[in-house]
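FYI, side chains are in, hydrogens and waters are out, and symmetry mates aren't considered; it's all heavy atoms of this structure.
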Amino acid sequence: MPVRCFDDLSGRQSGDGRINVVLSHGFGTDQDAWSALRPWLDAHFRVTSFDLPGCGQNGAQSYDFRRHSSMYGYADDLLTVLEELGIEDCIYIGHSMSCMIGAAAACTRPDWFREIVMIGGSPRYLNDGDYHGGFERADLDGLFDSMAANFQAWVAGFAPMVVGVEDNAAIEEFSRTLFAMRPDIALATSRTIFESDMRALLPKLKTPTHIVQTAQDMAVPVAVGEWLHDAIPRSTLEIIDATGHLPHMTAVPQIQAMLERRLGAFAA
């Protein structure tokens, strides 16, 4: 299968700003997850987004079981897109799994990344000694078994749990994009994410990085954000007063205010 290109990933560009902002969504969503923030971003930046392989309207065609069995395969796709578009200087905003995708890409091409914003990122979801990732092996095995047994029933329970607040619109949208994934691809992707361990990479990340966590997130405990802050040399940590794993969809004012503070100096 050829390397993913911008069109393969249903890429979208908007805004007339001087500085490039690249948006990369998390598991189970697609680039529409950024819709509420896009007007502000478009007003100040040149904004690029795309659907991760396996997600969105071309998900089944863009996904490769071998390439995307590692987070580094996604990072290679990101670098391919940036090269294709001639983006050699960008601010990267990633959610969830895309935080580690951006970190891996920035370690490969640090000159292409001016700033990274990580929203709800985790380098490892499994607990490991003193490291508290939030999940035991039995938790993940149960998740994988549930997905394999009845994907629709799993989505019905997983979506509201991850959203974490009583936001019917966000739950419906997250359910929609989860159901848009082919079940075998969703299961394979979840294994790649939840069984990854990117901890050794992060001390090598030299790009200024702003780590953003909600005060309560079932997928990523605050302790993970604190670990990231300790591990990434040029990082800052912000705990926002919000709940759930999708604050760019459910706590838009707080996330936009964070972006205005963090990226205001770069805004057109």
Quick check: does any side chain N or O of [X] sit under 3.5 Å from a backbone N or O of [Y], one acting as donor and the other as acceptor?
| X | Y | result |
| --- | --- | --- |
| Asp128 | Tyr131 | no |
| Asp167 | Thr250 | no |
| Thr177 | Gly28 | yes |
| Arg46 | Asp16 | no |
| Arg109 | Asp111 | no |
| Ser235 | His229 | yes |

Say you draw a straight line from [atom1] of [X] to [atom2] of [Y]; how long is it, rounded to the nearest 0.5 Å?
| X | Y | atom1 | atom2 | result |
| --- | --- | --- | --- | --- |
| Ile19 | Ile87 | CD1 | CD1 | 12.5 Å |
| Arg114 | Ile91 | CZ | CD1 | 6.0 Å |
| Met249 | Asp32 | CE | CG | 9.0 Å |
| Leu143 | Ser146 | CG | OG | 6.5 Å |
| Tyr63 | Asp77 | OH | CG | 11.0 Å |
| Asp8 | Ser62 | CG | OG | 7.5 Å |

Checklist entry - Would you say the ring centroid of His248 lies under 6.0 angstrom from that of His25? => result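 No, too far apart.
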Item to check | Test of ring centre spacing under 6.0 Å for Tyr72 and Tyr74 | outcome: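 Here the rings of Tyr74 and Tyr72 have centres that are no less than 6.0 Å from each other.
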Next on the checklist: Taking the cut-offs as 6.0 angstrom to the six-membered ring centre and 45 degrees off its axis, would you call Arg191 and Phe144 a cation-pi pair?
Outcome noted: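 Flagged: Arg191 positioned over aromatic ring of Phe144.
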A side-chain contact here means heavy atoms from C-beta on lying under 4.5 Å apart; do [X] and [Y] qualify?
| X | Y | result |
| --- | --- | --- |
| Ile171 | Ser175 | yes |
| Met181 | Cys55 | yes |
| Asp76 | Arg67 | yes |
| Pro208 | Ile116 | no |
| Pro221 | Val224 | yes |
| Phe266 | Arg18 | no |
| Leu202 | Met100 | yes |
| Leu52 | His68 | no |

Next on the checklist: What verdict does the side-chain hydrogen bond (donor to acceptor under 3.5 Å, both in side chains) test give for Gln57 and Ser10, after you've listed the backbone C-alpha separation in whole Å, the side-chain angles of each residue and the deciding distance to 0.1 Å?
Outcome noted: CA-CA 8 Å; Gln57 61 183 6; Ser10 302; 3.3 Å; yes
[X] atom [atom1]: more than 12 heavy-atom contacts under 6.0 Å:
| X | atom1 | result |
| --- | --- | --- |
| Asp241 | CG | no |
| Glu238 | CD | yes |
| Glu83 | CD | no |

Considering all heavy atoms, the nearest [X]-[Y] contact:
| X | Y | answer |
| --- | --- | --- |
| Tyr125 | Ser96 | OH-OG, 3.9 Å |
| Leu23 | Val21 | CD2-CG1, 3.9 Å |
| Phe113 | Thr207 | O-CG2, 3.5 Å |
| Leu228 | Pro123 | CD2-CD, 3.7 Å |
| Pro233 | Pro203 | CG-O, 3.4 Å |
| His245 | Gly120 | CE1-O, 3.3 Å |

Next on the checklist: Could you walk me through whether Phe194 and Phe135 satisfy the ring-ring contact (aromatic ring centres under 6.0 Å, His included) test, starting with their C-alpha distance in whole Å, then the side-chain angles of each, then the deciding distance to 0.1 Å, before giving a yes or no?
Outcome noted: CA-CA 9 Å; Phe194 286 111; Phe135 294 86; 5.7 Å; yes
Item to check | Verdict with supporting geometry, Trp112 and Cys90, side chain to side chain contact (heavy atoms under 4.5 Å, CB included) | outcome: CA-CA 6 Å; Trp112 288 6; Cys90 75; 5.7 Å; no
Next on the checklist: Show, in sequence, the C-alpha distance, side-chain angles and deciding distance for Arg38 and Ser49, and conclude whether the side-chain hydrogen bond (donor to acceptor under 3.5 Å, both in side chains) test is met.
Outcome noted: CA-CA 10 Å; Arg38 194 134 190 167; Ser49 65; 2.6 Å; yes
Next on the checklist: Do Ser98 and Ser24 pair up side chain to side chain, a donor and an acceptor below 3.5 Å, judged on atom types alone?
Outcome noted: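 The criterion, which ignores hydrogens and geometry beyond distance, is satisfied for Ser24 and Ser98.
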Next on the checklist: Here's a test for you: under side-chain hydrogen bond (donor to acceptor under 3.5 Å, both in side chains), which of Gln31, Arg12, Gln13 qualifies with Thr48?
Outcome noted: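 Going through the options one by one, the only one that passes is Gln13.
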When you check the gap from the basic side-chain N to the acidic O, do [X] and [Y] get nearer than 4.0 Å?
| X | Y | result |
| --- | --- | --- |
| Arg137 | Asp139 | no |
| Arg262 | Glu115 | yes |
| Arg199 | Asp197 | yes |
| Arg176 | Asp30 | yes |

Item to check | Worked verdict on Leu9 versus Val81 for side chain to side chain contact (heavy atoms under 4.5 Å, CB included) | outcome: CA-CA 9 Å; Leu9 302 175; Val81 166; 3.9 Å; yes
Checklist entry - Could you go step by step and tell me if Ser14 and Asp42 meet the side-chain hydrogen bond (donor to acceptor under 3.5 Å, both in side chains) rule? => result CA-CA 6 Å; Ser14 58; Asp42 282 349; 2.6 Å; yes
Checklist entry - Could you walk me through whether Ile101 and Tyr92 pass the side chain to side chain contact (heavy atoms under 4.5 Å, CB included) check? => result CA-CA 10 Å; Ile101 293 170; Tyr92 177 88; 4.1 Å; yes
Next on the checklist: Apply side chain to side chain contact (heavy atoms under 4.5 Å, CB included) to residues Glu173 and Thr29 and explain how you reach the verdict.
Outcome noted: CA-CA 8 Å; Glu173 175 62 9; Thr29 60; over 6 Å; no
Next on the checklist: Among Val212, Val22, Leu263, Val47, which residue satisfies the side chain to side chain contact (heavy atoms under 4.5 Å, CB included) criterion with Ile93?
Outcome noted: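 Checked Val212, Val22, Leu263, Val47 against Ile93; only one passes side chain to side chain contact (heavy atoms under 4.5 Å, CB included): Leu263.
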Next on the checklist: Using 30° and 60° as the class boundaries, would you call the ring planes of Phe174 and Phe158 parallel, tilted or perpendicular?
Outcome noted: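 Phe174 and Phe158: tilted rings.
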